[in-house]
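The block underneath contains the structure these notes are about, expressed in structure tokens.
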Amino acid sequence: MKYKFRTIEKKWQQFWRIKKTYEPNFKKTKKPFYNLMMFPYPSAEGLHVGNMYAFVGSDIYGRMKRMQGRDVFQPIGLDGFGIHSENYALKIGAHPMKQAKVSEKRFYKQLEIIGNGFAWEERLETYDPEYYKWTQWIFIQMFKNGLAYRKKAPVNWCPSCKTVLADEQVVSGKCERCSSVVEKRELEQWFFKITAYAEKLLENLNIIDWSERVKIAQRNWIGRSEGASIEFEVKDTEYKIEVFTTRPDTLFGATYMVLAPEHSLIQKLKYRIKNWAEISSYIQKSKLESEEERINESKDKTGVELKGLRAVNPATGESIPIWIADYVLAGYGTGAIMAVPAHDERDFEFARKYNLPVRIVISDGTVVSPLVRAYTGTGKLVNSGSLDGTDFESAKWQITRKVSGRREIQYRLRDWLISRQRYWGAPIPMIYCAACAQLGKGEQIDSVQGGMLGWYAVPEKDLPVKLPFVKEFRPKGKGSSPLASVKNFYEVKCPKCGAKARRETDVSDTFLDSAWYYIGYLNLKKPFNKTTIKKWSPVNMYIGGAEHSVLHLLYSRFLAMAFHDMKLVDYDEPFTKFRAHGLLIKEGAKMSKSKGNVVNPDEYIKKFGADALRVYLMFLAPFEQGGDFRDASILGIVRFLDRAWRYFVSCRDKGRTGGKKNTIELQKLMHKTIKKVTDDIENLHYNTAISALMVLLNEFEKQTVVSVDYMRYFLLLSAPLAPYMTEELWHSFGNKTSIHREKWPSYNSKLVEDNEFDLIIQINGRVRDTVLVSKGIVQEEAEKIAREQIMIKKWLGTNAIKRVIFVKDRLINFLI
RNA sequence: GCCGCCGUGGUGAAAUUGGUAUACACGACAGACUUAAGAUCUGUUGUCCGCAAGGACGUGUCGGUUCGAGUCCGACCGGCGGCACCA
């Protein structure tokens with residue numbers, strides 16, 4: 001009578017596939033529900049138990065929605081293009097194109113075994129030309145709408161992956177993929193203008209229903225600062241230095257200026273600089289420094305004064321020195337700052353080192369010279385001429401106006417570097433024609449950004465630009481993709497003039513593939529079909545890892561906004577609701593191969609069955625929190641499922657399921673459980689939903705009579721969690737159709753509400769007794785009953801009661 | 001440094017949002033069944049005092065608000081995540 005999960009699981013996998021149990025009715029549906037889980041990238045031997053954890057959590061939610069009458073679309077695919085998979089192929093010495101087919105089989109098999117209700121017919125892989133045709137089409141739309149451009153800029157270069165990276169893919173100076181220290185290189189690259197949507201990306205965070213921690217990460221990343229832009233004249237020249245500051249109120253304290261070493265003015269005024277040799281060697285040195293070195297050396301700032309140049313402080317009219325220093329970043333603001341050492345820690349440190357003047361201009365009355373550290377607090381203005389005594393906040397805009405500056409908002413966010421010098425990705429569908437460039441022609445020559453002469457998008461009829469099979473696919477490291485050595489790939493005709501032209505050989509970032517896949521699932525032949533999009537998107541519920549907070553989740557939002565403005569979709573947020581699942585760890589540490597603590601889910605499925613693994617994963621901690629995978633604890637779940645199995649099978653065999661009436665206690669418990677499980681699954685509190693089912697089963701076992709209805713309810717409530725076993729039991733009770741298409745039970749609210757409760761009796765706030773009374777009892781009566789209790793009589797003794805606190809339907813507290 | 005989250009039994013964790021702290025499990029201990037092991041079932045299981053009834057203490061630490069604090073406020077200690085020379 002044992003639960004033979006191996007044969008049972010196989011049986012239902014087939015049944016579900018043949019009966020299309022999890023395929024929605026795309027055209028006719030009235031209640032669509034798009035339940036999406038971040039698709040995996042096959043970059044390892046197979047699915048990690050952490051992936052399983054995430055997928056199961058998403059599946060449970062979708063299964064309940066389906067049973068609640070929604071037509072649930074829960075697709076699956078593989079994010080198999082890009083650096084993740086390519087690096088894996090490199091590691092095991094396989095060709096990524098061939099390895100993809102191997103991974104595909106393996107991953108899909110595992111995803112089926114775990115028992116998720118996927119719509120298999122709509123699956124997709126990002127490396128399928130059918131798919132990346134549209135990735136390329138999207139690139140072209142971005143180009144045509146001025147959102148894709150080329151520019152030469154200092155960019156992140158990973159020496160081990162041998163490609164450039166977006167800022168989002170550099171995690172504290174290291175490559176997100178391989179953890180190598182990232183270098184800076186001056187290269188011409190393709191960018192997507194995500195900064196055009198900075199404000200909207202930030203603002204919409206207030207209206208979308210997303211996990212708070214992801215919103216916070218995005219807010220930090222976008223990094224909005226409000227301030228002013230102010231110009232400083234360079235003495236005896238026609239040049240001006242524009243700075244951005246969040247503290248224009250401290251302008252009177254600006255005693256020097258600092259330019260980033262890359263600042264364009266330095267080259268322009270080269271002839272005026274007296275110590276050019278020194279300056280030029282400083283610039284050289286800072287160019288060579290890696291991000292990490294720059295961060296590490298941040299404690300000791302360096303810089304050189306531009307001798308022969310002076311600037312004018314527009315507030316005081318004073319002549320102040322100009323320095324260059326690499327603590328000023330070229331990529332933020334204007335690449336130049338006004339230094340206010342008295343009120344900025346960095347400027348203070350620099351001023352102290354190079355003996356530059358410090359002038360206090362803000363004080364709360366306690367700020368006195370000489371300062372030990374910068375005073376960054378609030379206060380009133382001092383040493384600021386006619387503005388002395390003004391509050392710093394209102395002084396900000398008074399000063400800005402006075403020196404003809406303007407209010408400005410700066411973002412930390414920078415444009416998305418989209419090109420990669422790698423093989424395994426969607427070729428960027430662009431063509432460069434030198435002939436056209438010479439004639440000043442190009443598809444986007446009006447663009448605000450320069451460098452676009454001679455560039456044309458591949459005509460849409462020529463899509464996809466297929467990635468050729470290349471034997472020598474290894475990254476070269478010379479700033480170009482391996483495709484740059486494939487002559488019959490890059491030699492093309494100019495789509496405009498027909499002259500010999502060159503195809504772009506870089507491929508696009510993997511994150512472009514995954515930024516639109518939720519649309520791809522709906523209809524890969526015609527993804528931007530208006531009717532389907534309108535009916536099925538945005539995604540109702542999206543679940544995934546928080547590690548994508550500023551990668552995939554930010555890029556997807558950006559693209560949806562761009563699609564919206566191109567009138568391709570009518571919403572601007574792709575995921576109405578997003579929840580980040582927690583991280584699964586092992587023995588207190590993140591699972592990793594080097595630590596040797598990676599849990600292989602297949603072993604557990606083989607040993608205990610997929611249902612046991614599913615329920616265990618969901619039971620160990622709240623889904624959004626994540627937790628510790630422990631071998632010992634899974635046995636508790638195995639016992640629970642076995643007990644349920646035995647209970648149902650023996651009831652069936654003994655015919656112990658007549659229509660007899662359940663006790664009132666059981667009725668109450670049943671309906672409370674329905675409510676609890678429903679609410680808990682809705683809130684992703686799977687651990688407490690499972691414990692409620694355990695309590696119910698414990699009670700079933702104690703009862704002499706449990707009606708067949710209640711047994712059905714138990715199975716229905718457990719179905720999302722343990723889809724195989726419940727399906728088997730469902731059928732063994734004579735049902736012919738899938739339990740997963742059955743109606744979710746509803747509860748009777750009268751039975752959920754108790755009409756009696758344990759009145760807590762406290763004396764001086766300490767519980768001394770409880771007594772069962774009926775709900776709605778008034779204070780007078782409660783007091784009377786309470787005072788009759790032996791324990792209470794004893795505690796009250798002869799003391800006078802000073803005060804009585806009565807909380808309706810909860811407690812009574814006597815103060816003596 | 002800034003922003004945010006979290007600290008509850010031996011362990012994973014619960015706690016109608018200010019109202020009986022430790023549900024549900026794991027582990028441990030004891031017992032039943034068994035030749036035995038395993039499986040299963042039944043108890044006990046926060047700490048201390050007590051034969052018991054019962055009592056005291058107890059949610060990282062210290063303080064506060066409150067009739068009442070795991071929950072709210074302040075300071076500190078410890079852990080995690082995001083940003084980080086962003087002017």
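Within every chain, numbering begins at 1; the chains are lettered A, B, ... in the order of the sequence lines, protein sequences first and strands thereafter.
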Could you tell me how far [M] sits from [N] if I compare only their [atom1] atoms? Round to whole Å.
N: B:rG46; M: B:rG9; atom1: P; answer: 13 Å
N: B:rG64; M: B:rG18; atom1: C1'; answer: 16 Å
N: B:rC24; M: B:rU42; atom1: P; answer: 13 Å
N: B:rA75; M: B:rC3; atom1: P; answer: 12 Å
N: B:rA39; M: B:rC26; atom1: P; answer: 12 Å

Could you tell me whether the phosphate oxygens of [N], OP1 or OP2, come under 4.0 Å of any side-chain nitrogen or oxygen in [X]?
X: A:Q625; N: B:rA13; value: yes
X: A:S225; N: B:rA87; value: yes
X: A:W795; N: B:rG55; value: yes
X: A:R766; N: B:rG54; value: no
X: A:R768; N: B:rG55; value: yes
X: A:Y332; N: B:rA87; value: yes
X: A:R803; N: B:rC67; value: yes
X: A:N764; N: B:rG68; value: no

- prompt: So, do A:F511 and A:F558 have ring centers that fall under 6.0 Å from each other?
  reply: no

Give [X] one of three labels, base, sugar-phosphate or nothing, depending on what nucleic acid heavy atoms sit under 4.0 Å from its own.
X: A:G636; answer: sugar-phosphate
X: A:V807; answer: base
X: A:R414; answer: base
X: A:L815; answer: sugar-phosphate
X: A:M791; answer: sugar-phosphate
X: A:N687; answer: sugar-phosphate
X: A:D642; answer: nothing
X: A:F619; answer: base
X: A:L620; answer: sugar-phosphate
X: A:I760; answer: base
X: A:R639; answer: sugar-phosphate
X: A:R213; answer: nothing

Where the side chain of [X] is defined as all heavy atoms beyond and including C-beta, which of [options] is the nearest nucleotide?
X: A:I216; options: B:rC3, B:rA14, B:rG19; result: B:rC3
X: A:R412; options: B:rA84, B:rG55, B:rC26; result: B:rA84
X: A:V767; options: B:rU20, B:rC24, B:rG55; result: B:rU20
X: A:N220; options: B:rA87, B:rC3, B:rA84; result: B:rC3
X: A:M694; options: B:rA25, B:rC85, B:rA87; result: B:rA25
X: A:D326; options: B:rA56, B:rC67, B:rC85; result: B:rC85
X: A:S691; options: B:rA23, B:rA56, B:rA25; result: B:rA23

Any donor-acceptor N or O pair under 3.5 Å, side chains A:R412, A:N220: no

- prompt: Of A:I761, A:I777, A:L772, which is the lone residue that meets side chain to side chain contact (heavy atoms under 4.5 Å, CB included) with A:I785?
  reply: A:I777

field: Distance-only donor-acceptor test, A:Q762 side-chain atoms vs B:rG19 base atoms, 3.5 Å
entry: yes

task: Could you point out which residue of A:D679, A:T678, A:T673, A:D680 forms a side-chain hydrogen bond (donor to acceptor under 3.5 Å, both in side chains) with A:K676?
output: A:D680

- request: Could you tell me whether the side chain of A:N156 reaches within less than 4.5 Å of the side chain of A:K184, counting heavy atoms only?
  value: yes

message: Assuming nearest nucleotide by heavy-atom distance, tell me which of A:A621 and A:S633 is located more 5' along RNA chain B.
response: A:A621

